[in-house]
Every structure is written in structure tokens, then in C-alpha cells.
J.: 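The structure's right below; bear with me while I get my questions together.
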There are 2 protein chains.
Amino acid sequence: MNQLRAQANGRPVLGIPEATVARLPVYLRALTGLGETGMRTVSSEQLAAAAGVNSAKLRKDLSYLGSYGTRGVGYDVEYLRYQIAREIGVNQDWAVVIIGIGNLGQALSNYGGFRSRGFRIVALIDGDRSRVGEMHGDLPIHHIEKLDELVAEHACSIGVIATPGDAAQEVADRLVAAGVTSILNFAPAVLAVPDGVDVRKVDLSIELQILAYHEQRKRAPGEEVQA
Amino acid sequence: MNQLRAQANGRPVLGIPEATVARLPVYLRALTGLGETGMRTVSSEQLAAAAGVNSAKLRKDLSYLGSYGTRGVGYDVEYLRYQIAREIGVNQDWAVVIIGIGNLGQALSNYGGFRSRGFRIVALIDGDRSRVGEMHGDLPIHHIEKLDELVAEHACSIGVIATPGDAAQEVADRLVAAGVTSILNFAPAVLAVPDGVDVRKVDLSIELQILAYHEQRKRAPGEEVQA
DNA sequence: CATTGTGAAGATCTTCACAGCG
DNA sequence: CGCTGTGAAGATCTTCACAATG
């Protein structure tokens with residue numbers, strides 16, 4: 001329902017396929033790594049290997065961004081890195097609140113990979129009043145009643161939910177009411193949100209279950225020969 | 001390359017589509033929730049709503065498992081839950097080792113959602129000798145030199161990597177050498193593993209980047225009208 | 001007769017293979 | 001010549017819409 005791509009100026013527009021969007025951060029990471037080794041130029045073959053995809057897919061993905069390569073040569077590492085970062089929005093500053101400061105919330109608040117990609121954690125929030133004031137790194141825990149205030153103060157558009165499942169919907173409602181329009185949900189719950197709000201869900205136990213499914217298949221071959 | 005589905009006995013065989021496999025745990029969770037509320041029977045419409053998908057997709061997905069519904073009525077909650085659990089392998093006992101006991105590794109080791117789905121964490125492992133013996137819950141940290149021994153002792157087929165990115169490949173090699181055939185990788189690194197070993201990757205910062213991409217698009221509409 | 005199960009149509013994603021170009 | 005960029009083919013996934021049926 002999109003696909004109005006590349007126009008006059010060569011810059012793309014609307015409608016980078018979701019599958020491509022999901023891989024751009026991987027390419028970005030790979031380019032950053034290659035750049036740190038001093039490499040100046042990279043072929044689609046090399047970059048694809050570093051990113052763990054095949055080169056046709058990589059070239060197709062990059063073609064949605066524009067024509068940033070040089071035929072016969074490859075891509076300029078730094079230039080491509082910049083273009084992808086701009087496309088994703090990672091060279092902006094994103095204020096993030098984390099709600100639910102259990103083990104996972106703490107792990108997330110300490111995760112170095114956020115800061116280096118433009119995500120700045122501006123507040124830690126919990127519903128348990130007895131934990132208010134507790135420091136994690138240089139951030140104190142606030143009570144969830146302060147959510148509106150904190151979101152407004154930091155112009156925060158992204159919220160991370162790391163609460164138990166049964167608290168997640170209420171937290172999501174509060175986030176939406178406070179003006180947050182993107183939610184990363186670690187809680188085991190399906191969230192209902194209004195149009196215009198994006199939710200992405202990470203479920204640790206689902207990933208393990210998918211592995212288990214395949215593991216089980218490795219172990220029980222031959223089950224198919226029994227009509 | 002698969003699609004040899006449903007045979008004589010009605011039981012499916014090989015080739016449940018990946019997209020379906022990835023949703024089965026979601027249905028399982030939804031069914032467990034519905035079951036706890038006392039619901040005995042559920043229509044595809046209701047279950048789809050609880051799982052956050054549309055009902056046509058749900059029915060198509062379930063059809064790959066067999067014909068477990070009753071026309072005009074719906075699905076028996078408990079029976080369907082059992083069938084999905086069996087299909088995924090969640091009613092088995094899966095021994096899991098976690099390598100890298102930083103914030104994330106600790107969060108994972110405490111995560112209740114694993115145990116209840118048949119995943120039993122049998123060992124915590126770290127490369128830092130000074131942390132050996134440290135207790136987390138009822139498990140001590142072992143040094144990575146003990147990996148082979150621990151994997152063998154617990155007949156462990158799944159490993160979780162929660163180390164920094166630069167240690168991940170070496171850890172993966174060790175896991176494979178020890179006999180682990182499924183790896184859940186939280187480290188920011190693309191892992192090379194032999195055929196027959198499955199790797200799934202969870203990258204927390206990638207999820208945030210995907211949100212940022214869409215968030216950016218919400219804010220800058222109209223960029224497309226400038227040839 | 002409400003609801004499942006499913007062919008068929010449509011959408012999206014991947015891969016191929018090669019024309020185009022530096 | 002080497003490598004990108006991309007139409008076109010192929011694979012997979014989603015949705016439609018309705019026949020089958022308990």
C-alpha cells in the first residue's frame with residue numbers, strides 16, 4: 001500500500017518496506033564496526049557478510065534509501081553510515097522513560113547500547129512508592145504519578161514498559177495520555193493503543209519457545225512417516 | 001520448500017511456516033490467560049482479539065496444527081492449549097545455560113516466564129574469575145572453563161548469550177563445541193555457527209531504533225512534497 | 001446457523017540475474 | 001572489468017470470502 005519510492009532528486013520518500021527498516025540498524029552497527037577497523041570503502045558482499053544477510057538483499061535494501069554506492073567500487077563506509085543513521089533518526093536525541101524498575105528495567109537503564117544511538121534515558125519510573133528515590137546510575141526512581149510531568153519536561157516520545165504483565169495496559173494508557181507515541185513493551189501482554197501510537201513487543205520467553213520448537217524437530221525426525 | 005502438510009491421521013507433519021511458529025507462543029499465552037478466567041470455549045474471533053491478531057490469520061495458523069476446533073462452536077480452551085504446547089515442545093523440560101552474568105544475564109536468570117514454560121536455568125556462567133561462586137537465586141556463577149562439563153551434566157541444548165559483543169563469537173564457539181544446538185543471542189554481534197545450530201537474536205537497541213524511525217516519520221510529514 | 005477450515009487472491013519479501021555504469 | 005542498482009521471478013505471508021459442518 002505504499003511503494004511511491006525514489007523521485008527526481010534520487011532521495012527516497014515514503015514507504016521503505018518494514019522488513020528493510022528492521023535491518024537498517026543491523027547495517028548501521030556493521031558499518032560502525034567496519035569504520036572502527038579503519039576500512040574506508042566496502043562492497044555489498046563484505047557488508048552483507050558483516051551484517052549476516054546476503055548481498056542481493058543488502059543492495060535492494062540500500063536502494064530504497066537512494067543511490068549511495070559507486071559501481072565498480074562499493075560504498076563509502078562513513079558516508080553510508082551517516083545516511084542510514086539519518087534515515088533511521090539515530091543522529092537525533094530521543095528522550096526515553098522506563099517504567100518498571102525490576103531486574104529488567106535496571107538492566108535496560110544500564111544498557112550502553114542506547115546512549116550511543118541517540119537514546120537518552122531521562123527517567124526511571126515505578127509504581128512501588130517504597131522504591132521512590134532509589135538511585136540507579138545517576139537517575140532516581142520516580143513514582144508513576146509523576147509520569148505526565150516527566151514526559152512533558154523532557155519532551156519524551158518513547159516509553160519502555162518493563163512491568164509485570166498485569167500492570168502493562170494501565171501503564172500504556174498513562175503513557176499515551178502523557179503524550180508518548182512510541183512504546184517498547186517487554187511485558188507479557190497485548191497492548192491496546194490508539195491509532196498513531198506504535199508498539200513493539202519483545203518477549204523473551206517467546207524467543208526461547210521458538211528455539212524449543214526447532215530443537216524438538218531436530219530430535220524427533222521420522223515422525224512424519226506414519227500414516 | 002516445505003508444505004507437505006496434514007496427512008491421513010489429520011496430524012500435521014513438517015513445515016509449519018515460520019511466521020506461524022513465531023505466533024504459537026502468543027496464542028499459548030492468550031489461551032493460558034483465558035483458561036485462568038474460567039473460559040472453557042473460545043471462538044477464533046475472541047482468541048484472535050486476546051492475541052492481537054485477526055481471526056483469519058489465527059484460523060489459518062491453527063489449521064497447520066490440525067483440526068482442533070468445532071464448527072459453530074469454537075475451540076476448547078484447555079485442549080487447544082495442550083495441543084499448541086505439545087507442538088512447540090513447551091511441555092518438555094528444557095535445560096538452559098546463561099553465559100554472561102551482567103545486568104541482563106541476572107535479569108534473565110530471575111525471569112519467571114521461563115520456568116513456567118518448561119525452561120529450567122541450570123547454570124550461570126561468566127568469564128570473570130572473580131565472580132565465580134557469587135550466588136544468584138539458588139545458582140552459583142561458574143567459570144566458563146566448566147562449560148563443557150555443565151552442558152553435559154544437564155543435557156543442555158539451549159544456551160543464552162548475554163555477554164558484551166566482542167566475547168559473543170567465542171562463547172558461541174564454546175557452546176557449539178559443548179553440544180548446544182540452539183542459541184539465544186542478546187549480544188550485539190552476528191554469530192557464525194555450523195549448520196544444524198539455530199541462533200535467534202534479540203537486540204534491544206534495534207527495537208528502539210525501529211520505533212525511532214517511525215517516530216521520525218510521524219513528526220516530519222510533507223517531506224515528500226519537494227521534487 | 002454460527003463458526004471453522006481453506007482454496008484463491010493479494011501483498012510483501014527474497015532472490016536471481018543482468019543491464020548499466022564508474 | 002567489477003560492482004551497484006533493479007526489473008522480474010519466485011517464495012512466503014496475509015487476507016478474503018465462502019463452502020463445509022457440528
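Lettering of chains follows the sequences in order, A, B, ..., and the numbering in each one begins at 1.
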J.: Once you round it to whole Å, what is the distance between P of C/dT6 and CG of B/Leu65?
T.: 12 Å
J.: Could you state the atom-to-atom distance from OH of A/Tyr68 to P of D/dG5 in whole Å?
T.: 11 Å
J.: Using atom types as modelled, flag every donor-acceptor pair under 3.5 Å from a side chain in residues 159-167 of chain B to any protein atom, sequence neighbours excluded.
T.:
none

J.: Output the residues of residues 38-47 of chain B in contact with DNA chain C, where contact means a heavy atom of the residue under 4.0 Å from an atom of the strand; sort by number or write none.
T.: B/Ser43, B/Ser44
J.: Sugar-phosphate atoms are those with a prime plus P, OP1 and OP2; base atoms are the rest. Using that split, label each nucleotide of nucleotides 16-22 of chain C B, S or - for protein heavy atoms under 4.0 Å, 5' to 3'.
T.: BB-BBBS
J.: Axis-to-axis angle across the helix from C/dC1-D/dG22 to C/dG22-D/dC1, five pairs an end, to 10 degrees?
T.: 10°
J.: So how far is it from A/Leu24 CG to A/Leu65 CG, rounded to the nearest 0.5 Å?
T.: 5.5 Å
J.: Name all pairs fulfilling the salt bridge (Lys or Arg N to Asp or Glu O under 4.0 Å) condition that reach into residues 105-122 of chain A, sequence neighbours left out, sorted by first residue then second.
T.: A/Asp93-A/Arg120
J.: Expressed as a whole number of angstroms, how long is the span from B/Leu80:CG to C/dT3:P?
T.: 16 Å
J.: Listed by chain and number, what are the side-chain hydrogen bond (donor to acceptor under 3.5 Å, both in side chains) partners of A/Glu207, not counting sequence neighbours?
T.: B/Arg200
J.: Who passes side-chain hydrogen bond (donor to acceptor under 3.5 Å, both in side chains) against B/Thr181, sequence neighbours left out?
T.: A/Glu215
J.: Nearest to the side chain of A/Tyr75, which nucleotide is it out of D/dT15, D/dC13, D/dT4?
T.: D/dT4
J.: Could you tell me how far apart B/Asp76 (CG) and C/dT4 (P) are, to the nearest whole angstrom?
T.: 13 Å
J.: Write down the distance between OH (A/Tyr64) and C1' (D/dG7), rounded to a whole number of angstrom.
T.: 11 Å
J.: Can you run down the salt bridge (Lys or Arg N to Asp or Glu O under 4.0 Å) pairs that involve residues 61-84 of chain A, sequence neighbours left out, and say none if there aren't any?
T.: A/Arg23-A/Asp61, A/Glu78-A/Arg81
J.: Over how many whole Å does the gap from A/Glu18 atom CD to C/dC13 atom P extend?
T.: 7 Å
J.: Can you pull the salt bridge (Lys or Arg N to Asp or Glu O under 4.0 Å) pairs that have at least one residue in residues 169-181 of chain B, sequence neighbours excluded?
T.: B/Glu170-B/Arg174
J.: Starting at CG of A/Leu62 and ending at C1' of D/dC3, how long is that distance when rounded to a whole Å?
T.: 13 Å
J.: B/Ser63 has a side chain; which of C/dG5, C/dT14, D/dC13 sits nearest to it?
T.: C/dG5
J.: Over how many whole Å does the gap from B/Lys57 atom NZ to C/dT12 atom P extend?
T.: 12 Å
J.: Can B/Gln209 and B/Ser205 be counted as having a side-chain donor-acceptor contact under 3.5 angstrom?
T.: yes
J.: Taking ring-ring contact (aromatic ring centres under 6.0 Å, His included) as the test, write out the residues that go with B/Tyr79, two or more places apart.
T.: B/Tyr68
J.: Holding to side-chain hydrogen bond (donor to acceptor under 3.5 Å, both in side chains), I want the full list of residues that pass it with A/Asn91, two or more places apart in sequence or in another chain.
T.: none
J.: Any pair with a residue in residues 42-53 of chain A that passes side-chain hydrogen bond (donor to acceptor under 3.5 Å, both in side chains), sequence neighbours left out, goes on the list, sorted by first then second residue, please.
T.: A/Ser43-A/Gln46, A/Ser44-A/Arg59, A/Glu45-A/Ser55
